[in-house]
Number of protein chains: 2
Amino acid sequence: MKTFAVILGGGVGARMESSIPKQFIPLNGKPIIMHTIENFNDFDPKMKIIVVLPHEHFQLWKDLCIEFNFGIEHQIIRGGKERFYSVKNSLEGIPEKSLVLIHDGVRPIISHQTIDRVRQRAIEKGNAIPYIDINESIRKVSAEKNKPVKRENYKIIQTPQAFKSEIIKAAYKNRYRKSFTDDASVFEADGGKVELVLGNLKNIKITRPIDLIIAESLMSITL
Amino acid sequence: MKTFAVILGGGVGARMESSIPKQFIPLNGKPIIMHTIENFNDFDPKMKIIVVLPHEHFQLWKDLCIEFNFGIEHQIIRGGKERFYSVKNSLEGIPEKSLVLIHDGVRPIISHQTIDRVRQRAIEKGNAIPYIDINESIRKVSAEKNKPVKRENYKIIQTPQAFKSEIIKAAYKNRYRKSFTDDASVFEADGGKVELVLGNLKNIKITRPIDLIIAESLMSITL
């Protein structure tokens, strides 16, 4: 099945205490998002790669591609005001009867095994969402009180979130809601039943300075 | 207020794929739990340190202290079959009108700011439990289904969990329940109201091989 990887590079970098958009911050000497793209391309060089960026970063990205002699073919799509609109824009040009893997640009250490698991399951079931377990005690909090909850009943959700294209294109025809935090929630609001598959621990999301340190150490090991 | 740090070194190491109990695994060349003890001692050399270990590891620990020329004074207490009984044993010798900080031995990178925050708040309120935010989407799962939940409403709970001694000693007089995952849950079952205070991101719990890699990288930076 023809596969598209949609790599979202939409962040503004506020939490990174950096003026560079976070997806362009160097990780082992190269912008984070280049590692992410290379990872998908290494997994399957036939995969079509779509990179979604805010329009104001188009020129910076082109300059970076030249500077780093970055040769992996990809399409650039203009991001929207919210993640929802960025994904919606990227889906427009994707044909039916294909598979779409939607991935955070700031998750460069995604394992090939995870990509393979989500792809296989989405071919079978129409969608697949990677998760990992929570390793510590958690509590539910509100303004008034807090209480312990069973950690086994909660999972951390990662990307890539994989869907058959006609299913996710249909879901993104619905109205935007503030409660949409990822593609799974958009799909679910359209009546879909989310299929969870195991992700991988190294597939961290780089949003804070500490994550960059962790990512550099994780990239140096095979585990 | 006289302060006791109870450092729990009770794990059996199953998840670390290692035959050494996880608290004794070397981190930057020295057993994890030694870093933890040093950290509390550096924060306040007057703090009384109690280390809880399974009886079968007493000799190993003594040998390690000699090998690493480990000179920080501490009391060794015999651990129980469950974390609950280990803490209960450690509380027996602690006098009333003091403060108890109960900490996982495998969290060596606790910041002095976090120790200070929990200590101050527990002096004011009787208890203090450190938390950090969750940075990714989370879902609640059951055998039948899964649904998204608001990540802002959930917090990851860390240690040290701090209590006035008479309060936590009273709570540990209650019967053991399987639902007790930490001291906050024991305290709460006794009618206590949990006070959350901010923990710190570097205060990770080392339970898997990947955590050890992350810990080594985090120890090398000040952030």
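Lettering follows sequence order; numbering is per chain, from 1.
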_Taking A:Leu196's backbone N and O only, do any of them form a donor-acceptor pair with B:Asn146's side chain (distance below 3.5 Å, no angle check)?_
no
_Residues B:Thr207, A:Asn135; criterion side-chain contact (heavy atoms from CB on, under 4.5 Å); working and verdict_ = CA-CA 8 Å; B:Thr207 56; A:Asn135 198 25; 2.8 Å; yes
*Check: B:Ser142/A:Asn153 side-chain N/O donor and acceptor closer than 3.5 Å*: no
_Which of B:Ser179, B:Ser217, B:Pro148 touches chain A most, by non-hydrogen pairs under 4.5 Å_ = B:Ser217
*Could you tell me which of A:Ala215, A:Ser185, A:Ala184 has the largest number of non-hydrogen atom pairs under 4.5 Å with chain B?*
A:Ala184
_Quick check for you: among B:Lys140, B:Arg139, B:Lys155, which has the greatest number of heavy-atom pairs under 4.5 Å with chain A?_
B:Arg139
_Salt-bridge contact A:Arg107-B:Glu136 (side-chain N to carboxylate O under 4.0 Å)_ = yes
*Applying a criterion of heavy atom separation less than 4.5 Å, what residues of residues 114-129 of chain A form contacts with chain B?*
none
*Could you tell me which portion of A:Glu216 (side chain, backbone, both or neither) has an atom closer than 4.5 angstrom to a non-hydrogen atom of chain B?*
neither
*Give the C-alpha distance, both sets of side-chain angles, the deciding distance and a yes or no for side-chain contact (heavy atoms from CB on, under 4.5 Å) between B:Leu218 and A:Ile210.*
CA-CA 8 Å; B:Leu218 293 180; A:Ile210 194 174; 3.5 Å; yes
*Using a cut-off of under 4.5 Å for heavy-atom pairs, which of B:Leu201, B:Ile134, B:Val149 has the most such pairs with chain A?*
B:Leu201
*Minimal non-hydrogen separation, A:Lys193 against B:Glu144, with atom names*: CE-O, 4.4 Å
*Quick one: of A:Ile214, A:Val194, A:Thr181, who has the most non-hydrogen atom pairs under 4.5 Å with chain B?*
A:Val194
